[in-house]
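Below is one structure; the comments refer to it alone.
Atom set for the values below is all heavy atoms of this structure, side chains included, hydrogens, waters and symmetry mates excluded.
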Amino acid sequence: MDARPVTLPGPEGGSGQSQPWNRQRLRSNNEWLLLERLRTAGPVSRAQLARDTGLSKPTVSAALAALEQVGLVREAGRLTPERGRVAVLYEPDPAAGHVLGVDIGRARLRVAVADLSGRITARRDVPNRGRSANAVADAVVAAAREAIAEAGLASGDVVHAAVGSPGVWDESQRRVHYATKLPGWGRRGLFERIAAGLGTRISVHNDANLAALGEYAGGAGAGSRVFVYLLIGSGLGMGVVVNGEIQQGAHGAAGEIGFLPLPGSGVDLEQAAAAESVVREARAAGMTGPLTAKRVFAAARAGDSRAMAAVLRESEQLAFAVAVVAAVLDPDLVVLGGGLGNGADLLIGPVEQALHRLSPLRPRLAASLLGDEAVLRGALATALGTARPEVFETLTSNLC
């Protein structure tokens, strides 16, 4: 298991060490360059690839033939110009490998299988009914196996699985710290249990970090230079993306903003700003009956003054969090996500007003575009970042 997302700039592993030159390595690098160009540019002809990469046409033709031979590239149609010959278009073969993304939450378990293009081919979204840490781990494996079978695959066909979890992954102890919302989740051996049940290598990541990566790759954070994602649900977490890379800190705990004490309250920010606090504030304002944060927000939209008072209180707590983040990181964007992020239509205006009273630093606020999908999308993106070069190395290793 790997503690962190892996980004490889080339098939040699990106170690930064000088590699001895040889013809085989040069050929491999050319093939990787072409494969990555096809992945980002869409179906492209050999001539266009030569122009884009600066490689000679014979080099491009030989490399494409090798990639097609091992199943990494396939024909994607023909281009018929007004003049000249018909050109064959090429694209990466998405079926060359598959990955698994997993989002472990207190309330729900989400898993998805994707091919190497990132297209989801099967998924499961089930309630988390596990009464023990082992039961939760086994439920993750069961849901993943169902999704893998639905995709028409065997467990061995999954190259890599990225798992999003509350808390901070400790690679040296191989367990999670600070996942207080999942009882027993810090015990050793749980993720080995998941890996054994799936029959594939897995990596473990903080859920807020994955959500931030997902939002950066395909949501509201796209294009931001310094972007913060607040995961507001049963807990409070934060992911920070700078120039496209997640910031994890010296021990993987960067973004654990929930530990921050709230001045004058005697509680930390997670207790004051997570979903349970919204319910407490609603009851204090006079709401009765079976309440959840979702129901409080729905009542606020319907005009219930008691519910709106709870939402305004939540806005004040979040504004304090944003003020701290703005002073330390100076982000250009803060995205509100997680379960309470679905109420961003009610939160953003009051948070902005409270922020104006607290600080002259006022980053732009936005609602998550991925909603409850953010962690899962980040998990898939992370798994793909690991799997693509691994698949390339495996399939091209026997080429002469």
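Residues Tyr216 and Ile246 form no side-chain contact, since every pair of their non-hydrogen atoms from C-beta on lies 4.5 Å or further apart. By the 4.5 Å heavy-atom criterion applied to side chains, Leu55 and Leu33 are counted as neighbours. Side-chain contact check for Pro363 versus Val322: some heavy-atom pair is nearer than 4.5 Å. Using a 4.5 Å heavy-atom threshold, the side chains of Asp268 and Leu260 count as separate. Within the 4.5 Å cutoff, the side chain of Leu380 has no heavy atoms near those of the Leu100 side chain. Looking only at side-chain heavy atoms (C-beta outward), Asp345 and Arg301 come within less than 4.5 Å of each other. You'll find the side chain of Leu210 stays beyond 4.5 Å of the side chain of Leu376, heavy atoms only. The shortest side-chain heavy-atom distance between Leu369 and Glu215 falls under the 4.5 Å cut-off.
Taking CD of Glu316 as the start and CG of Leu262 as the end, the distance is 10.0 Å to the nearest 0.5 Å. Here the CE-CZ distance, from Met287 to Arg295, works out to 10.0 Å after rounding to the nearest 0.5 Å. From Asp157, atom CG reaches atom CD1 of Ile148 across 8.5 Å, with rounding to the nearest 0.5 Å. The distance from the CZ atom of Arg108 to the OG atom of Ser234 is 13.0 Å, given to the nearest 0.5 Å. Atom CZ in Phe227 sits 12.5 Å away from atom CD in Gln247 (nearest 0.5 Å). Leu347 CG to Glu314 CD: the interatomic distance, rounded to the nearest 0.5 Å, is 6.5 Å.
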TODO: Take Asn30 and Thr59, measure what side chain to side chain contact (heavy atoms under 4.5 Å, CB included) needs, and give me the verdict at the end.
DONE: CA-CA 8 Å; Asn30 288 340; Thr59 296; 3.8 Å; yes

TODO: Would you sort out whether Tyr229 and Met238 count as a side chain to side chain contact (heavy atoms under 4.5 Å, CB included), showing the intermediate values?
DONE: CA-CA 6 Å; Tyr229 180 100; Met238 183 177 80; over 6 Å; no

Open item on the list: Assess the residue pair Val335 and Val228 against the criterion (side chain to side chain contact (heavy atoms under 4.5 Å, CB included)); give the C-alpha distance rounded to whole Å, side-chain angles, the decisive distance to 0.1 Å, and a yes or no.
Closed with: CA-CA 6 Å; Val335 170; Val228 167; over 6 Å; no

TODO: Run the numbers on Leu34 and Thr53 for side chain to side chain contact (heavy atoms under 4.5 Å, CB included), then give the verdict.
DONE: CA-CA 8 Å; Leu34 292 172; Thr53 62; 3.9 Å; yes

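Shortest non-hydrogen contact noted between His98 and Thr121 is CD2-OG1, 4.5 Å. Of all the heavy atoms in Asp207 and Gly164, the pair that sits closest is CB-C, 4.4 Å. Pairing each heavy atom of Ala367 with each of Ala344, the nearest pair is CB-CB, 3.5 Å.
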Just distance, no hydrogens or angles: give the donor-acceptor pairs under 3.5 Å from side chains in residues 176-191, sequence neighbours left out.
from	atom 1	to	atom 2	distance (Å)
His177	NE2	Asp170	OD2	2.9
Trp185	NE1	Ser165	OG	2.8
Arg187	NH2	Asn134	OD1	2.5

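Take Glu146 and apply the salt bridge (charged side-chain N to carboxylate O under 4.0 Å, His left out) test, not counting sequence neighbours, and it matches Arg124.
At least one donor-acceptor pair under 3.5 Å links the side chain of Arg306 to the backbone N or O of Gly286. For the pair Glu270 (side chain) and Leu236 (backbone), a donor-acceptor distance under 3.5 Å is present. Ser397 places a side-chain N or O within donor-acceptor distance of the main-chain N or O of Thr394, the cut-off being under 3.5 Å. Between the Asn209 side chain and the Gln248 main chain, no donor and acceptor come within less than 3.5 Å of each other. In this structure, the side chain of Asn128 engages the main chain of Gly130 through a donor-acceptor pair within 3.5 Å. Looking at Ser277, its side chain does come within 3.5 Å of a backbone N or O of Ala272 through a donor-acceptor pair.
By the rule that hydrophobic residues join a cluster once side-chain heavy atoms approach within less than 4.5 Å of another member, Val60 and Leu72 end up as members of one cluster. Connection of Leu361 to Val351 is not established within any shared hydrophobic cluster, with ILVMFWY side chains joined at heavy-atom distances below 4.5 Å, either directly or through further cluster members. Linking ILVMFWY residues whenever their side-chain heavy atoms come closer than 4.5 Å, directly or via other members, places Val73 and Val44 in the same cluster. Ile257 is connected to Leu355 through a chain of hydrophobic side-chain contacts under 4.5 Å among Ile, Leu, Val, Met, Phe, Trp and Tyr, so both are in one cluster. In terms of hydrophobic clustering, with Ile, Leu, Val, Met, Phe, Trp and Tyr side chains grouped at heavy-atom distances under 4.5 Å, Val136 and Leu198 are assigned to a common cluster.
Asp52 has a carboxylate O that lies under 4.0 Å from a charged side-chain N of Arg37, or vice versa, which qualifies the two as a salt bridge. Ion pairing of Glu352 with Arg362 is absent here, as no side-chain N (NZ or NE/NH1/NH2) approaches a carboxylate O to less than 4.0 Å. For the pair Glu276 and Arg106, the salt-bridge criterion is met [side-chain N within less than 4.0 Å of a carboxylate O]. A salt bridge is absent between Glu68 and Arg74; no separation between the charged side-chain nitrogens and carboxylate oxygens falls under 4.0 Å. Checked for salt-bridge contact, Arg145 and Glu150 miss the test: no charged N lies under 4.0 Å from a carboxylate O. A salt bridge links Arg201 with Glu390: at least one charged nitrogen is closer than 4.0 Å to a carboxylate oxygen.
Residues in residues 302-346 take part in no ring pair (Phe, Tyr, Trp, His ring centres under 6.0 Å) pair, two or more places apart or across chains.
Side chain to side chain, His160 and Thr200 fail the donor-acceptor criterion of an N or O pair below 3.5 Å.
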